[in-house]
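Chain naming here is simple, since letters A, B, ... match the order of the sequence lines and numbering starts at 1 in each.
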Amino acid sequence: VAALDDAGLGRSDIDGLFNLAPMAQPIPLFAMSLAEYLGIHPVFQSSVDAGGTWSIMAMILNCVQAVQSGQCSVAVCTYGEPFATGRSAGGRGMTTTAGWPAYEAPFGIAGAVVAYALLASRHMAEFGTTEEALCAVAMSARRHAALNEGAFRRSLFSEAEYFDSRPISTPLRLFDCSTIVDGAGALVVTSKERADDLRQPAVQVLSHAGHMSHRDVGQFTSFDDLRVRESTQMALQAAGLSITDVDLAVVHDAFTISTLVFVEEMGLCPRGQGGPYAQSGGLDLGGSCPINTHGGLLSDGHLAGVRHAIEAVRQLRGMAGTRQVQGAEVALIAGGGGMFGGNAVMALGRDR
Amino acid sequence: MSDDPRIGPAEPVNESIETLYATDEISKPFWASLAAGQLILPKCGACESVFFYPRRLCPRCWSGSIEWIESAGIGTVFARSEVHVAFQYISEADLPFTVGLIDLDEGVRLPGRFHDDDLQIGDRVRLRFSKDPRYDLPRFARYDSQPES
């Protein structure tokens, strides 16, 4: 409703609806349930589950293609759920194996955190990445969140406090993990012609490229095989851009290690150098390409990247307040889900 | 130790690993074999690739002709983590425990808990079964021998 109000549209304008179904307690037919609950009757609707931040990119893409092909004229993509409080007692965190033969959980590789911890251990062994580098990612996200009134965790912490936070799955500590929250977000997608008549300046979807490499962490092969590098290049090329044209990026940071891998694979620094890059302020506002200016999943809160997309839109509209990246014209969304196995990159641009 | 009610102690486990973990006819031989003190891996009858986890078809060539081979359970640590939170199947009494991904010499990557908690990435390991493999999953122990090449 807030997204429609912001655009100057009402419920009767929506004729397309895409959503990511709740993950804590899955609901079949969720898009239909949501439409019925809202009392709307879209002519095009579906639930999407591409994994993590790839889901919001997939929803946006679905909307763009539905509008372009004339299936609908105003589409909403949305996700929200009581992710923190809505889990069943048997849920025990996000085990991600329900309904699928599990070969890892019996051995103790159950929560997502263990999977990402294993990948972090690998990154450290291959590239010499340090715990101090992971700390730098967590602290940068928190500094950005401190500038974002909507962020869940906003109080700054010191490196000593980071190292005092309890171990969850080494090398990851509590402060390396995203903040699980209850919440929701929505974006409105329509044609350029329609958008020109609306209340807010529009943001253009320029391009998208992705690659699915694996689901279970045991099927991970190498950081190279995530093909985030190729996806980034394809997305930039399709938009006629290079990485130096990118003014900011929002990356899926379910755990600190993810941010390091994304800045490396997106080409902001050489592979393996994400740690030194983060420690020298490369992620921060004021740098050439600030990362997760809203605080990311780490500090703003984990809503599967929907708020990443919203942050990119706010920045490109010049409406990010004290955390505004001056003159932001191009933003990248990079991310994926599962156990780092499906990753995509989407370029957004300020409408000109 | 967690004050989070969603991460509580697991139910007491008195079932065999086969009963606990086998979810279908495809996964059953794998768990039954571990319960009998032996590690087996699926191998494609057509392209001969060994893969993990068990599937109805070969993920490399899509042949449905799947055989099982016995594995020596010897490999190299690819990744490791010391886990301090009890998720699915793990009881709080077990915390912390060490877990990793192991590159077996047969060419597949296997998840497994460590018998020797100080194992590091690159260390050689060998799967070690307990006295009663029906109820305890095997764990990887240090193995001081170089890979045959």
Measure the shortest side-chain to side-chain distance between [X] and [Y] over non-hydrogen atoms and say whether it is less than 4.5 angstrom.
X      : Y      : result
A/I109 : B/L101 : yes
B/Y53  : A/Q219 : yes
B/L137 : A/P106 : yes
B/L110 : A/F107 : no

Results of side-chain hydrogen bond (donor to acceptor under 3.5 Å, both in side chains) for A/D176 - residues two or more places apart only = A/Y162, A/T256
Looking at A/T170, A/L172, A/V217, A/V113, which makes the most heavy-atom pairs under 4.5 Å with chain B?
-> A/T170
Please state whether the rings of B/F78 and A/F220 are parallel, tilted or perpendicular, taking 30° and 60° as the class boundaries.
-> tilted
Does [X], at its [atom1] atom, have more than 12 non-hydrogen atoms belonging to other residues, nucleotides or ligands within less than 6.0 Å?
X      : atom1 : result
B/W68  : CH2   : yes
A/R154 : CZ    : yes
A/R227 : CZ    : no

Residues of residues 118-131 of chain A within contact distance of chain B, non-hydrogen under 4.5 Å | A/L118, A/S121, A/R122, A/A125
Establish, yes or no, whether a centroid distance under 6.0 Å links the rings of A/Y103 and B/F30.
-> yes
Between atom OG of A/S169 and atom NE2 of B/H84, what is the distance when rounded to the nearest 0.5 Å?
-> 8.0 Å
What part of B/P96 lies closer than 4.5 angstrom to a heavy atom of chain A: side chain, backbone, both or neither?
-> neither
Between B/S81 and A/V114, is there a donor-acceptor pair closer than 3.5 Å when you use the side chain of the first and the backbone of the second?
-> no
Residues B/F87 and A/A110: closest non-hydrogen pair is CB-CB, 3.5 Å
Apply side-chain contact (heavy atoms from CB on, under 4.5 Å) to B/V85 and A/R166, showing your working.
-> CA-CA 10 Å; B/V85 176; A/R166 65 188 170 95; 4.2 Å; yes
